Amino acid sequence: MLKGKKILLGISGSIAAYKSVFILRQLIKAGAEVKVVMTPSAKQFVTPLTLSTLSKNEVISELSENDSWSNHVMLGRWADMMIVAPLSCNTLSKMASGLCDNLLMAVYLSATCPVVVAPAMDEDMWNHFTTKENIKKIKANGNLVLPVGEGELASGLTGAGRMAEPEFIIEWVESYFSKAKSFTGKNVLVTAGPTQEAIDPVRYISNHSSGKMGIAIAEEFYRRGANVILVCGPTNESLPSQIQIIKVTSALQMYDACIKEFGESDIAVMCAAVSDYTVTNISDKKIKKENESIFLELEKTKDILFALGSTKKKHQFLVGFALETNDEKQNAIKKLHGKNADIIVLNSLNDAGAGFGHSTNKVTIFDKKGGEHFFEIKSKSSVASDILNVIHDLYNV
Ligand code: C5P
């Protein structure tokens, strides 16, 4: 059911636009409030009169109509979800490049809600290199892309490129919203970012972790209703204001914060890139450039994931991360069992666009029952959503 959900239905110019009428009808039947935004060319396929009658809302397609300006920002903020169906090749290309030459694009660029698209085009266009690139780009930007169907196409040919059927789209949207609050009441502890191990008052040892992945996971848990504590190492990312944050600098501080909070946690996700070694002979004054070489003594830090794994209770679910450069699977599985985690999320430095600093990631998740869950390269927020889906499925069994 979609009772009370506010949905923006964006329609672009494709023969599949006639099916948008069915999508609209079923969204309304399911209880949603729907506003329709069309590209000018979509009007050649389906009339605004049909859509405004069914939605009981004015249908808009121009940035200004009848001498008044359409407030695309407010529309973008009004919605709980924007669905672009059908997504034409032309509108896809504009989404990928941020081109704003019509109201649908202005609303899309202002939307703060999740955006779901249902592409529709002829097979050759669908398989074109630039289309593939554009789909990759909009996915990496956090948009959710529904699969295309195969069958009869407008050209008379048969193949891939048909818009997903309205029933499929409605089921997908309902399932998206039903997951929305699936972690309500759960206490979740997440670590993010690097740690810094002081050498002297001005220098430290650290790593390239940006904190993006852990922050995306904390935000996704929050979005799905959990009470989240984010223990975060030094990061340049903006931290979500709605989430309780414990800022730490060193591995030891992160360890202390996690040990303190873990007892009350149902789920803990250790995403931080914690330093494995810390300096034992920290200088209390800035080290001068006097000697040809200096000696830094390093000792192992306490492994937080291992410590949580060894005190984990039956009702607690523990997630570790592994960033590997070689023997990825073997190392990840070793960590899974060695640290008594429930799942390990592997990202490899060998995958382009995955790991440190990127806004995209490509992960494989290994669970302790021997399951392997593979995912494509995606935005870190979509990866966060995949990780939560796996946690949800395994945690509830
Ligand atoms: O053994 P390795 O450090 O590669 O394992 C990575 C996993 O262990 C990550 O989940 C990371 O957050 C966690 N870790 C930790 N404490 C450390 C080092 C790593 O919790 N001191």
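Bear in mind that the values here come from a model prediction, so they are computed numbers and not experimental data. Both counts, for ligands and for their atoms, begin at 1 and track the order of listing.
Considering only residues two or more places apart in sequence or on other chains, F221 meets the ring-ring contact (aromatic ring centres under 6.0 Å, His included) condition with F183. Evaluation of the ring-ring contact (aromatic ring centres under 6.0 Å, His included) rule for F366 yields no partner, not counting sequence neighbours.
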As a test of reading the model: which N/O atoms of the protein lie under 3.5 Å from N/O atoms of ligand 1, and at what distance?
from: ligand 1; atom 1: 1 (O); to: K339; atom 2: NZ; distance (Å): 2.8
from: ligand 1; atom 1: 4 (O); to: K335; atom 2: NZ; distance (Å): 2.5
from: ligand 1; atom 1: 5 (O); to: K339; atom 2: NZ; distance (Å): 3.1
from: ligand 1; atom 1: 8 (O); to: K339; atom 2: NZ; distance (Å): 3.4
from: ligand 1; atom 1: 10 (O); to: M270; atom 2: O; distance (Å): 2.6
from: ligand 1; atom 1: 10 (O); to: F321; atom 2: N; distance (Å): 2.8
from: ligand 1; atom 1: 10 (O); to: F321; atom 2: O; distance (Å): 3.3
from: ligand 1; atom 1: 12 (O); to: M270; atom 2: O; distance (Å): 3.2
from: ligand 1; atom 1: 12 (O); to: A272; atom 2: O; distance (Å): 2.7
from: ligand 1; atom 1: 16 (N); to: I304; atom 2: N; distance (Å): 2.9
from: ligand 1; atom 1: 20 (O); to: I304; atom 2: N; distance (Å): 3.4
from: ligand 1; atom 1: 20 (O); to: L305; atom 2: N; distance (Å): 2.8
from: ligand 1; atom 1: 21 (N); to: T301; atom 2: OG1; distance (Å): 3.4
from: ligand 1; atom 1: 21 (N); to: K302; atom 2: O; distance (Å): 3.1

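Using modelled atom types and a 3.5 Å distance limit, the side chains of E297 and T280 yield a donor-acceptor pair.
Here the two rings, on Y176 and W172, have centers that are under 6.0 Å apart.
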Please set out all donor-acceptor pairs under 3.5 angstrom arising from side-chain atoms of residues 148-159, sequence neighbours excluded.
from: S155; atom 1: OG; to: D122; atom 2: OD1; distance (Å): 3.4
from: S155; atom 1: OG; to: D122; atom 2: OD2; distance (Å): 2.6
from: S155; atom 1: OG; to: L157; atom 2: N; distance (Å): 3.2

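Taking hydrophobic clusters as Ile, Leu, Val, Met, Phe, Trp and Tyr residues chained together by side-chain heavy-atom distances below 4.5 Å, Y255 does not share a cluster with F306.
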